[in-house]
Amino acid sequence: MGECDMSEVSETSGEPMEQRRIDRYDHGEIEPRWQARWEADELYKTTIDPDRKKYYFLTMLPYTSGDMHIGHWYAMTPSDARARYLRMRGYNVMFPPGFDAFGLPAENAAIERNIHPKEWTYSNIENQRRQMRSMGAMWDWSREAISADPEYYRWSQWFFLQMYHNDLAYRKMSPVDWCPNCNTTLAREQVWGEDRHCERCKTPVIKKDLEQWFFRITKYAEELLDFTILDWPEPVRILQTNWIGRSEGARAVFHTEGGDPIEIFTTRPDTLWGATFMVLAPEHPLVKKLTTADRAESVQEYIHQAARRSDIERETVDREKTGVFTGGYAINPVNNERVPVWIADYVLMTYGTGAIMAVPAHDQRDFEFARMFDLEVRPAILPPGVESLDGETMTEALPEYGMMINSGPLTGTPGETAVEQTNAYLEERGIGEGAVNYRLHDWLISRQRYWGAPIPIVYCTSCGIVPVPDDQLPVLLPDDVEWRPTGESPLKFHPTWKHVECPQCGESAERETDTMDTFMCSSWYHLRYLSPGYDEGPFDPKEYDYWMPVDTYTGGVEHATMHLIYTRFFHKVCRDLNITEGHEPMLQLRNQGQILGPDGQRMSKSRGNVIEPDDQVRAYGTDAVRAYLMFGYRWSEGGPWNAENIHGVVRWLNRVWNLVIGTIDANPVDGDPIHTRALQRKQHQTIRQVSHDLENFEFNTVVSSLMELSNVIIAAREAGMAGSQVFNEAIEAMILLMAPVTPHIAEEMWEQLGKPYSIHNQAWPEFDSELAKEEEITLVVQVNGKVRDRIVVPADIDEEQAKATALASEVVQRHMGGKEPRKVIVVPGRLVNIVV
RNA sequence: GCCGAAGUGGCGGAACUGGCAGACGCGCGCGACUCAAAAUCGCGUUCCUUCGGGAGUGUGGGUUCGAUUCCCACCUUCGGCACCA
C-alpha cells in the first residue's frame with residue numbers, strides 16, 4: 001500500500017494546475033457515515049401523503065435465527081433497489097422491516113444451551129437489526145413489528161377469537177407424532193429415520209390423537225383457486241392450485257348390512273356398477289363395528305402396523321398393496337349388491353371420506369388390490385376402441401371414459417354424459433349427489449409448545465370452552481418457566497399460569513396450554529407494519545386505507561403452499577368480517593432464487609459453506625455486495641456464491657469513483673460532435689434500459705448496462721471530453737441511475753459534485769427517445785441466411801436503398817456466384833437476406 | 001409416476017415482438033508500468049481451419065428466407081407433490 005492508493009489529477013501537460021488530492025474509494029468510511037446520516041434524518045420514514053401515489057413494497061420478514069446469511073441479502077437488497085427506484089419515480093414507498101420471532105428453534109436453543117427463548121430471540125434480533133442496517137436499505141424502522149411482542153401477539157389472539165366467534169376456528173381430535181417413552185408430542189422434524197424414531201430417545205414414535213384447534217380454510221378453497229386479480233408467477237399459482245387439489249365427482253352413501261351409512265367420494269360415479277368391494281382406511285370409525293369376530297385379530301394387527309407408518313411412507317407408490325378383510329359387507333345403493341368391506345392403507349383417512357368404493361376394472365390401485373386378494377373384476381365402462389371386456393383376463397385397469405355397460409338402467413349411456421347422468425340418477429333416488437372434494441385440509445394451528453402466542457381459550461367444567469374476552473388480551477406468556485429435559489411444553493407445568501377463573505361463571509378453570517402455529521403470526525404482519533404501536537385494533541384504519549394492499553411482495557417460492565395460502569385465507573376472512581377490504585392482500589408477487597455455497601450445495605453450518613455477509617461487507621463494502629448479488633445471477637434463479645466474480649463489481653466501483661472524482665474540476669471544453677452524440681445516446685439508452693430492468697426485476701442487466709455507460713464515459717474522458725456539458729450530464733445521470741443499486745457511493749459522489757442532499761430524494765432521470773436514437777446502423781447482409789457482410793448505413797435507410805446497398809457489396813456478389821436473387825427479405829433497420 | 005423450472009464459451013450470464021449468438025463481467029494469455037510483486041492500464045480470448053471459410057445455444061426431427069427464441073419427441077439437472085379415490 002502507500003502511494004498507489006492515491007492518484008493525482010494532472011490536467012493536460014505542463015500547466016501547473018491546482019492539485020486536487022483524490023482519496024481512494026473507501027467504502028469502510030463512506031458507508032457507515034451515510035447510514036448514520038440517513039437514519040438521523042429519518043430519510044426513509046414514511047407517512048401518509050394523499051398527494052402522492054403510495055407504494056407498499058414488502059419483502060418476507062426473516063426468522064430470528066441469529067445471524068443472516070448472504071441469502072437474506074439476496075432476497076432483500078435487490079428488492080430494496082427496486083423500492084428505491086420507485087421512490088425516485090415519485091411514489092411514496094413504504095419498505096418496512098420486522099421479525100418472525102416465535103417458533104421451535106428458540107425453544108431448542110433454550111433446551112440445549114439453557115438460555116431463555118425470549119433472551120435468545122431478542123438478542124438475535126439485535127444482531128439482525130445491525131445486519132439489516134448495514135444493508136443500506138430504505139427500511140422504515142418506525143414501522144418495525146416483532147411477532148413475539150405482547151402488543152403484537154395480543155392481536156394474533158384477537159384474530160383467533162374473531163375466527164372462533166365466526167365458526168372458523170374449531171376443535172377436533174387429530175393425530176400427532178407421539179413418543180411413548182418421553183411421553184410427549186413431537187414436531188415433524190423431531191422424527192427421524194426410516195423407522196420414524198424419536199430424536200432424543202430413539203423410541204419408535206406412534207400416532208396419537210389429541211384435541212387440537214383448526215381454522216376452517218377449506219371453506220375458502222374454491223375462492224383461493226381464483227387468481228384473476230393477482231400478478232403472481234405462474235409456477236406459484238400452479239403450486240397453490242395443486243395444493244388445494246380440487247376434484248369433481250360425486251358423493252354416494254353405501255350402507256353396511258347392519259344399516260350404518262358409509263359415505264364415499266368418487267371422481268368416477270359412472271363406474272358405480274363396477275364396484276365389487278369397498279375399502280376403508282384402517283382408522284375409519286366404522287371398522288370396529290364391521291369387523292366380525294373371526295377377523296378381529298388380523299384386523300387389529302393390521303391397524304396397529306398402519307398406525308406406525310407415516311402418511312408419506314404409506315403413500316409410496318411402489319409398495320405392494322396390503323390389506324385385510326373385515327368380514328363385513330355393505331350394500332351398493334345402485335344395484336343393492338352385497339360387497340365385501342376391506343381395510344387397506346392405500347386408502348387415506350385424510351382424503352375424501354376415508355372410504356372408497358373399489359372398481360378394479362377402471363382404477364389401477366383397485367385392480368392391483370383385487371388381483372392380490374383374488375376379488376372380482378367387473379367392467380362397467382367400454383372405452384372407445386374396445387370391443388368387449390372380460391374381468392377375468394384383464395391385465396390392467398382401463399381408466400378411460402366410455403359407454404356404460406353392465407350398469408342397470410344406465411347401460412348404454414355414452415361416455416360424454418355418463419358422469420352427469422349418474423349424478424342425476426343418484427340425486428333422484430336420494431343416494432348421492434354430484435360433489436367437489438379438495439385435497440386441502442383445515443389448518444391445524446395448535447402447537448404443544450411454549451414459544452408461541454397462547455391460544456386465548458379457557459376450559460371450564462361447567463361452561464365448557466370459553467373464549468378469553470377481548471379486554472383481557474393479551475394472554476401473556478409467563479417468563480418463569482421451568483425447562484424439562486423431556487421437551488414437553490413448560491406451560492403445562494407452570495405452577496399457576498393455567499389456573500384461572502372462568503371468565504363466564506368465575507369458577508376455577510384451566511387455560512389452553514397449546515400455542516399458535518407461527519404461520520398465524522406471519523399471516524397478518526403486513527397489517528401490523530401499518531401502525532405497529534396502535535392499540536385500538538390490529539392496525540390503524542387510516543393507515544390501512546392509504547397503504548393497502550401490498551403492491552409488491554418478494555420472497556422465496558418455498559412459501560408458496562403454506563404462508564402464501566394462509567395469508568390469502570386470512571385476508572378473505574378479514575374481508576368477510578368487515579375488518580379489511582379487498583379480496584387479496586398482495587397484488588404482485590416475485591420470487592428470488594437461492595444463493596448456494598461455493599460448492600454448489602445448500603448453505604449450512606454443518607457443511608461449512610456459509611457465506612457471512614458481515615465478512616463480505618467488511619472486505620468489499622455493502623455497495624459492492626449489493627451490486628454483485630444483482631449482477632452475478634438471474635435473480636429468480638440464484639446459484640452458487642462465486643468468490644472471484646465479485647472482483648468485477650469492486651473494480652467497477654473503483655473505476656467509477658476515479659472517473660467521477662477525477663473529473664470534477666475538469667476545465668470546460670467543447671466536446672467534439674461525434675463523441676458528444678455517442679455519449680448522449682448511451683446516456684439515454686441506459687436510462688431506458690435501467691428503468692425497464694428495475695421495473696421487471698432484471699437486476700443483472702441493470703448493473704451491466706451501468707457498466708456499459710461508465711465504459712463509454714471513460715472513453716469520452718480519454719477523448720478529452722471531460723468538463724464538457726454533455727460529459728457532466730452523463731456523469732450526473734449515471735450517479736442517479738446507480739443510486740438504487742449502490743446507494744452509498746452514489747450519495748457520496750453526488751455530494752462531491754456539489755449537488756443537494758440527498759440523492760435519494762432526487763427525481764429519476766428523464767429518458768429522451770430522440771436522444772437515444774441511433775443515427776447509423778450496421779446493416780447485416782445475409783446470402784441464403786448466412787451473414788456475408790456488414791455495412792454501416794444511415795438508420796433511416798428505406799427498403800429499396802437497403803436492398804441496393806446490399807446487392808452492391810462485393811463480398812455479397814461473390815457469394816451469390818453470379819446467380820439472380822430469387823427473393824430479397826429486408827428487415828428495416830436490421831438486415832437484408834438475399835435468397836439465391 | 002405427476003406437476004413446475006432450467007440446459008448458451010473454461011465460469012456467471014446477455015440477446016426487445018423469430019433477424020449480427022456470446023453484451024457485461026470473472027478467469028486465462030500477452031504487453032505496459034515496476035528492481036520485483038500487488039494494484040492499475042492496453043490488447044486478445046466459442047471451437048475447428050488449408051485463412052477462402054466451416055461448425056456451434058442439451059439430443060433428434062419439423063416450420064421458416066432466417067430458430068437460443070415457435071412446434072413435436074427425447075435426455076439431463078433442480079424444485080414441488082406423491083396410492084388424492
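All values derive from a computational prediction rather than experimental measurement. Each chain gets a letter, A, B and so on, in the order its sequence line appears, and its residues count up from 1. Hydrogens, waters and symmetry mates are skipped; everything else that's a heavy atom, side chains included, is used.
Position along RNA chain B of the nearest nucleotide to A:Y438 versus A:E234 favours A:E234 as the more 5'-ward residue. Toward the 5′ end of RNA chain B lies the nearest nucleotide of A:I238, the other residue of the pair A:I238 and A:K823 mapping further downstream.
Annotation: A:F369 is in aromatic contact with A:W342 [ring centroid separation under 6.0 Å].
No cation-pi contact links A:R568 to A:W243, judged by a cut-off of 6.0 Å to the six-membered ring centre and 45° from its axis. The cationic group of A:R268 lies under 6.0 Å from the six-membered ring centre of A:Y401 and within 45° of the ring axis, placing it in a cation-pi geometry.
The backbone N or O of A:L398 lies less than 3.5 Å from a partner atom in the side chain of A:H362, making a donor-acceptor pair. Remark: side-chain polar atoms of A:D442 are paired, donor with acceptor, to backbone N or O of A:T218 under 3.5 angstrom. No donor-acceptor pair closer than 3.5 Å links the side chain of A:Y633 to the backbone N or O of A:Y628.
Taking the C1' atom of each, B:A23 and B:A15 are spaced 8 Å apart, rounded to whole Å. Taking the C1' atoms as reference points, B:G7 lies 15 Å from B:G12, given to the whole Å. Here the separation of B:C3 from B:G53, taken at their P atoms, is 49 Å to the nearest Å. Taking the C1' atom of each, B:U57 and B:C47 are spaced 13 Å apart, rounded to whole Å. Between B:G13 and B:U59, the distance separating the two C1' atoms is 23 Å to the nearest Å. Comparing the C1' positions of B:C24 and B:C74 gives an interatomic distance of 35 Å, to the nearest angstrom. Comparing B:U77 with B:A14, their P atoms are spaced 23 Å from each other, to the whole Å. To the nearest whole angstrom, the two P atoms, one in B:A39 and one in B:C48, are 29 Å apart.
Separating the CD atom of A:E248 from the P atom of B:A85 is a distance of 12 Å, rounded to the nearest angstrom. A straight line from CG of A:N332 to P of B:A85 spans 19 Å, rounded to a whole angstrom. The distance between atom NE2 of A:H441 and atom P of B:C84, rounded to the nearest whole Å, is 13 Å. Distance A:R237 CZ to B:C81 P: 20 Å, rounded to the nearest Å. Rounded to an integer number of Å, the gap from CG of A:L659 to P of B:C41 is 12 Å. Distance CD (A:E558) to P (B:C81): 12 Å, rounded to an integer number of Å. Spacing between atom CH2 of A:W243 and atom P of B:G4 amounts to 18 Å, rounded to whole angstrom units. For the pair A:M630 CE and B:G12 C1', the interatomic distance rounds to 16 Å; values are reported in whole Å.
Among residues two or more places apart in sequence or in another chain, the side chain to side chain contact (heavy atoms under 4.5 Å, CB included) test is passed with A:N423 by A:A250, A:P269, A:V419, A:L426. Not counting sequence neighbours, the partners of A:H647 by the ring-ring contact (aromatic ring centres under 6.0 Å, His included) test are A:Y620. Residues forming a ring-ring contact (aromatic ring centres under 6.0 Å, His included) with A:F699 (at least two apart in sequence, or on another chain): A:W635.
Taking the six-membered ring where the residue is Trp, A:F767 and A:H684 present tilted rings, their angle falling between 30° and 60°.
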Reading 5' to 3' through nucleotides 14-25 of chain B, protein heavy-atom contacts under 4.0 Å coded B for base, S for sugar-phosphate only, - for none
S-B--BBS-BBB
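Residue A:G638 is in sugar-phosphate contact alone, with no base atom involved, counting any heavy-atom pair closer than 4.0 Å across all strands shown. A:T353 comes within contact range of no nucleotide atom at all, as no heavy-atom separation falls under 4.0 Å.
A salt bridge is absent between A:E368 and A:R365: the closest approach of a Lys/Arg side-chain nitrogen to an acidic carboxylate oxygen does not fall below 4.0 angstrom.
Residue A:R365 has a polar side-chain atom (N or O) positioned under 4.0 Å from OP1 or OP2 of B:C84.
Here B:G42 is in the anti range [glycosidic angle more than 90° from 0]. In this structure, B:G52 shows a glycosidic angle within 90 degrees of zero, which is the syn conformation.
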Secondary structure of RNA chain B in dot-bracket form (Watson-Crick or G-U wobble, distances below 3.5 Å, | marking inter-strand pairs):
(((((((..(((......[....)))((((((.......))))))(((....)))..(((((..]....))))))))))))....
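From A:I244, atom CD1 reaches atom OH of A:Y438 across 9.0 Å, with rounding to the nearest 0.5 Å.
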Atom pairs under 3.5 Å: protein N/O with N/O of nucleotides 50-57 of chain B:
from  : atom 1 : to     : atom 2 : distance (Å)
B:G53 : OP1    : A:R814 : NH2    : 3.2
B:G54 : OP1    : A:R788 : NH2    : 3.2
B:G54 : OP2    : A:R788 : NH1    : 3.2

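More than 12 heavy atoms of other residues, nucleotides or ligands shown are found within 6.0 angstrom of CZ on A:R607.
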